[in-house]
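All heavy atoms count here, side chains included; hydrogens, waters and symmetry mates do not. We count ligands from 1, going down the list as the structure has it; atoms in each ligand are counted the same way.
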Amino acid sequence: MKILTVVGARPQFIKAAMVSRAVARHNAAALPTAPPVVEEIVHTGQHYDHGMSQAFFDEMEIPGPAVNLGVGSGTHGETTAAMLRGLEAEIVARRPDWVLVYGDTNSTLAGALAAAKLHVPVAHVEAGLRSFNKRMPEEINRLVADHVSTLLFCPTRAAVENLASEGIADGVHAVGDVMYDAALAFGDLARQHSDVLDRLGLAPKGYALATCHRAENTDSGERLAAILDGLGRVAESVPVVLPLHPRTRERIERFGFAKRAERLRTVEPVSFLDMIRLEQEARAILTDSGGVQKEAYFHGVPCVTLRDETEWVETVEAGWNTLAGADADAIAQAARDASPGRPIADYGDGHAADKILSILLCPSSNPEEET
Ligand code: UD1
Ligand code: UDP
């Protein structure tokens with residue numbers, strides 16, 4: 001069986017790393033006479049800074065991409081079109097049995113569309129997530145990806161229900177969350193190997209960790225100002241560490257918000273192990289990232305989400321996560337009130353990637369499902 005994996009953006013490298021490891025485990029355990037599972041990774045080049053891309057391949061030992069399309073940055077139309085053209089040629093030349101896409105980025109959209117038009121079956125990891133806000137590019141991307149996918153791997157029960165309400169039931173599998181697999185696989189390694197707390201002079205539980213990169217927050221001067229001011233209010237009582245996504249760094253400069261950001265400990269994007277270490281020891285996490293909201297829960301840290309809605313509704317229902325939007329007062333208040341919640345019965349058992357591979361190998365199978 002040949003899988004063509006399409007990735008392009010930071011969170012996809014992390015998710016894909018777990019499935020690549022499952023492929024390696026499978027091949028190592030298979031009889032020498034059995035044909036190996038072949039995985040070829042196509043990197044669209046959507047993210048390209050070393051700290052947004054290659055650092056993850058190195059640290060997580062992800063097999064190098066067979067090809068990098070080098071698409072880079074641009075408008076949605078420009079980049080998605082370039083990805084489609086490049087991916088179509090790769091799929092035709094490589095003739096995979098499956099095209100595997102992750103999450104909700106433009107690389108996901110392009111991979112799913114290119115494959116579906118070539119009648120190559122698409123498998124979507126992190127299917128069924130919905131914000132019900134079609135102004136988000138991610139919502140359009142996941143709607144399209146889900147509706148052209150043959151296999152839909154859901155991390156939560158809410159995701160399965162969202163698909164059911166859109167009439168999608170065939171090929172839906174509640175396998176758990178590959179991000180939870182990653183949190184378990186790299187949690188202890190981060191504790192042992194990351195010296196980020198020492199490097200940044202931070203005491204365990206003596207700081208808050210923040211990230212912000214969503215288009216809806218960074219393209220609006222009003223929302224970005226309110227978020228920086230809210231984080232600034234939090235910084236009056238505890239240092240706020242903000243690894244800055246390149247998009248946000250650029251917008252802060254463009255809007256002339258450098259002064260607003262001065263109260264925060266802004267740093268370059270950090271490696272995955274450093275990020276996990278920062279998450280593990282944060283007093284609270286403030287973020288508009290999808291992945292980081294869940295990692296807060298995985299590492300037992302309360303979260304404040306800098307958005308008006310979330311796809312990860314179970315984190316809010318269980319009391320781990322508070323939606324504060326882009327409102328400085330609400331952010332400051334939510335950070336003061338942030339406290340642990342109840343256990344969440346989603347995200348699986350840390351073996352989502354193995355289940356995904358089993359189903360790809362035998363799509364009619366139904367390995368014990370977790371969510
Ligand atoms: C993308 C995804 C978003 C995901 C995020 C993960 C889409 C529509 N959005 O958002 O869903 O949560 O990745 O991080 O696919 N830039 C650099 N260097 C890089 C990458 C980006 O400087 O290596 C800058 C460029 O100015 C670029 C901007 O960031 O224009 C935005 O990059 P882009 O990939 O379009 O969107 P993200 O905001 O990263
Ligand atoms: N992350 C990281 N370094 C950083 C910021 C984030 O390793 O400086 C990791 C984070 O731990 C999570 C993933 O990147 O696993 C989330 O990616 P991002 O927030 O860019 O995208 P989203 O999840 O919102 O799509």
Item to check | Selected option - heavy-atom contact closest to atom 23 (O) of ligand 2, from A296, A183, G291 | outcome: G291
Next on the checklist: Side chain or backbone, does T211 bring an N or O within less than 3.5 Å of an N or O on ligand 2?
Outcome noted: no
Checklist entry - Where's the contact between E279 and ligand 2, heavy-atom distance under 4.0 Å: side chain, backbone, both or neither? => result side chain
Item to check | Closest protein heavy atom to atom 11 (O) of ligand 2, given as residue, atom name and distance to 0.1 Å | outcome: E295 OE1, 2.6 Å
Checklist entry - Between the candidates A9, G51, P11, which shows the shortest non-hydrogen contact distance to atom 17 (O) of ligand 2? => result P11
Checklist entry - Run the salt bridge (Lys or Arg N to Asp or Glu O under 4.0 Å) check on E39 and K2 step by step: do they pass? => result CA-CA 6 Å; E39 185 194 27; K2 187 195 256 196; over 6 Å; no
Checklist entry - Identify the closest protein heavy atom to atom 1 (N) of ligand 2: which residue and atom is it, and at what distance? => result M275 CG, 3.7 Å
Item to check | Under 3.5 Å: donor-acceptor pair, side chain of D354, backbone of A22 | outcome: no
Checklist entry - Taking only heavy atoms of M179, which atoms of ligand 2 are found under 4.0 Å from at least one of them? => result 15 (O)
Checklist outcome for this item: When every non-hydrogen atom of W320 is compared with those of R342, the smallest separation belongs to NE1-O, 2.7 Å
Next on the checklist: Would you compute the distance between atom CZ of R251 and atom CG of L224 and round it to the nearest 0.5 angstrom?
Outcome noted: 9.5 Å
Next on the checklist: Which residue and atom name correspond to the protein heavy atom nearest atom 3 (N) of ligand 2, and how close is it?
Outcome noted: V270 O, 2.8 Å
Item to check | Minimum-distance protein heavy atom relative to atom 5 (C) of ligand 2 | outcome: R10 NH1, 3.2 Å
Item to check | H124 ring center near H147 ring center (under 6.0 Å) | outcome: no
Checklist entry - If you count the atoms of ligand 2 from 1 in the order shown, which ones are under 4.0 Å from a heavy atom of P269? => result 8 (O)
Item to check | Short side-chain donor-acceptor distance under 3.5 Å, N162 and R130 | outcome: no
Next on the checklist: Can a side-chain donor-acceptor contact be found between T211 and S289 if the only test is distance below 3.5 angstrom?
Outcome noted: no
Checklist entry - For ligand 2, which atoms sit closer than 4.0 Å to a heavy atom of R214? => result 22 (P), 24 (O), 25 (O)
Checklist outcome for this item: Taking every heavy atom of T105 against every heavy atom of N141, the minimum-distance pair comes out as C-ND2, 3.1 Å
Checklist entry - Of all the atoms in ligand 2, which lie at a distance below 4.0 Å from a heavy atom belonging to F272? => result 7 (O), 11 (O), 15 (O)
Checklist outcome for this item: of all protein heavy atoms, closest to atom 19 (O) of ligand 2 is S289 OG, 2.7 Å
Checklist entry - Which heavy atom of T108 sits nearest a heavy atom of Q12, and at what distance? => result OG1-NE2, 2.8 Å
Checklist entry - Between E311 and R142, is there a salt bridge with N-O shorter than 4.0 Å? => result yes
Next on the checklist: Tell me whether R260 forms a cation-pi arrangement with F257, defined as NZ or CZ under 6.0 Å from the six-membered ring centre and within 45 degrees of its axis.
Outcome noted: yes
Next on the checklist: Below 3.5 Å, N or O to N or O, backbone or side chain included: is there any such pair between P243 and ligand 2?
Outcome noted: no
Checklist entry - Would the F13 and F272 ring centres measure less than 6.0 Å apart? => result no
Item to check | Which segment of S271 sits under 4.0 Å of ligand 2 when only heavy atoms are counted | outcome: backbone
Next on the checklist: Using a 4.0 Å cut-off on heavy atoms, what residues surround ligand 1? Order them by chain and number.
Outcome noted: A9, P11, Q46, H47, Y48, D49, M52, S73, H76, D104, T105, N106, P137, E138, H213, R214, H245, P246, R247
Item to check | Closest non-hydrogen atom pair, L87 against A114 | outcome: CB-CB, 4.0 Å
Checklist entry - For atom 9 (C) of ligand 2, which of I14, I276, D288, V241 has the closest heavy atom? => result I14
Checklist entry - Salt-bridged, E250 to R254, with N to O below 4.0 Å? => result yes
